[in-house]
Amino acid sequence: MNITKTNIDDLNAVIKLQIVKEDYESRVNDILKNYRKKANINGFRAGKVPMGVIKKMYGTPVLADEINKILSEELMKYIRENDLNIMGEPLPNETDQKAINWEKDTEFEFSFDIGLSPEYTLNLSKKDKINFHKIIVDEKMIENGVEMHARRFGSNNPAEKVEEKELLKGNFAQVDAEGQVVEGGIASENVAMSLEYMKDEDAKKKFVGAKKDDVVVFNPTKAFENKTDISSMLNISKEEVETLDSDFQFTITEITKFVNAELNQELFDKVFGEGTVSSEEEFKAKIKEDIEKQLENDSDYKFLIDAKAKLVKKSKIVLPETFLKRWIVATNKEMTAEQVETDFANYSDEFKWQLIKNRLIQENDLKVSQEEVMEFAKKQALMQFQQYGMMDVPEEYLENYAKQMMENQDEQRKIYERKADDKVVEFLKGKVKLEEIEISTEDFNKLFE
């Protein structure tokens, strides 16, 4: 086999591969011999079909398949062994590729275009200034955090009468225009119903002041907007709900009121672990600390966006644009050349950033280890458990949950990219000069509008 590379310019080259009979003959023959052993053709004993018949039936497709395998193997091997930094993947040359006759040809020549990664300089120093938006944690955010935790560990307590947002249990019975129970009408018992989700204010007022065993008459289809909820409460189908327009009496059997958890040591321990905080002041300080950590992730995200724009502009990278446009169309069947042309500015910036990001990772040893990916997955798992109030989760649970996450290749790739971005952000924050800007959450969000 003969492989040559011809440089078109600094960013484009053509690789030609000449495949002769000696390169593929033994592979093709081995496969055909195996076919012969397994062939079951009328008129011939198993394993005794003449090779000529096998070649006539399978020779051409086997040849084409093996040539394509050899082509792929040798092309990538050549790129790897010659340290060619390419962008995208090789594409069949549109002008030099010779026509192939699989029935008659014994020697084959293939031409592939490649896009070469450009050379560029990127000298970062404290002279490079990038904004870093530090989001201010205000009292309202802290109070919202306190309210969230108090509500998360709150409980439904018995109440004597209905005030505003109580949870009621009771029995539904359909009534006629005179308020009499319809014989054989719709009825449903032991139904839970929350006034918090009742949208009709007139209906809600009928319940205010009501007590256990009181009967309230109202129209559920007017009181509630969610057809699925109505279907569940009345134990009827959604289709029946669509045509239903009737009053029902609701006999109250139980009234409970949701009460936030008290700000005491029991709540502090449930939220942050036993003994971590011991006063309301420390509780709020810990909430503030957690909010700051969450907001720092948002700040880092905005910093990464600004850093990408700054470094892409500074690097002045020139890309093999024509090749990349072809490659995008070739690998995205739903994309047209016109769409790629329209959106190429965005593609171009992303290509440039990937070149910069990969160089930063390689030159500064910012590689992400499998252990770091697993630790990140475990933190993600812990956060999900904590949403359900499970603060002290055994390590083996987190380990198993993380392993399940890692079995999803797409999820694993996302975590790897997230960790790589985190490392690049930390590196850049120490390399360039940060122009720190204090900003409210409201104004920070406006930066993305």
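Salt bridge K379/E375: absent, no basic N to carboxylate O contact under 4.0 Å. Between E426 and K429 there is a salt bridge, since a side-chain N of the basic residue sits under 4.0 Å from a carboxylate O of the acidic one. Checked for salt-bridge contact, E143 and K140 miss the test: no charged N lies under 4.0 Å from a carboxylate O. Classification of R413 and E417 as a salt-bridged pair fails, no side-chain N sitting under 4.0 Å from a carboxylate O. With respect to the salt-bridge test (charged N to carboxylate O, under 4.0 angstrom), the residues K302 and D298 do not qualify.
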For this session: Kindly determine whether V318 and D10 satisfy side chain to side chain contact (heavy atoms under 4.5 Å, CB included), including the steps that lead there.
Result: CA-CA 10 Å; V318 179; D10 290 340; over 6 Å; no
For this session: Test D421 against R418 for salt bridge (Lys or Arg N to Asp or Glu O under 4.0 Å), laying out the working first.
Result: CA-CA 5 Å; D421 283 345; R418 172 67 184 275; over 6 Å; no
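Applying the salt bridge (Lys or Arg N to Asp or Glu O under 4.0 Å) rule to pairs touching residues 329-345 yields K325-E341, sequence neighbours excluded. Residue pairs meeting the salt bridge (Lys or Arg N to Asp or Glu O under 4.0 Å) criterion with at least one partner in residues 184-195, sequence neighbours excluded, do not occur; the list is empty. For residues 27-36, every residue pair satisfying the salt bridge (Lys or Arg N to Asp or Glu O under 4.0 Å) rule, not counting sequence neighbours, is listed here: R27-E66, R27-E73.
More than 12 heavy atoms of other residues, nucleotides or ligands sit less than 6.0 Å from atom NZ of K286. The number of heavy atoms from other shown groups lying within 6.0 Å of OH (Y120) is above 12. Counting heavy atoms of neighbouring residues, nucleotides and ligands inside a 6.0 Å radius, atom NZ of K431 does not exceed 12 of them.
Judged by distance alone, with hydrogens and angles left aside, the side-chain atoms of E109 form no donor-acceptor pair with the main-chain N or O of Q18 at under 3.5 Å. Of the possible polar contacts, none joining the K126 side chain to the L434 backbone as a donor-acceptor pair under 3.5 Å is found.
In this structure, Y416 has its ring center no closer than 6.0 Å to that of F376.
One distance of note links CG of D349 with CD1 of I317; it measures 10.0 Å at 0.5 Å rounding. Atoms NZ and CE, on K403 and M374 in that order, are 6.5 Å from each other to the nearest 0.5 Å. Here the CG atom belonging to N34 is positioned 11.5 Å from the OH atom belonging to Y58, to the nearest 0.5 angstrom.
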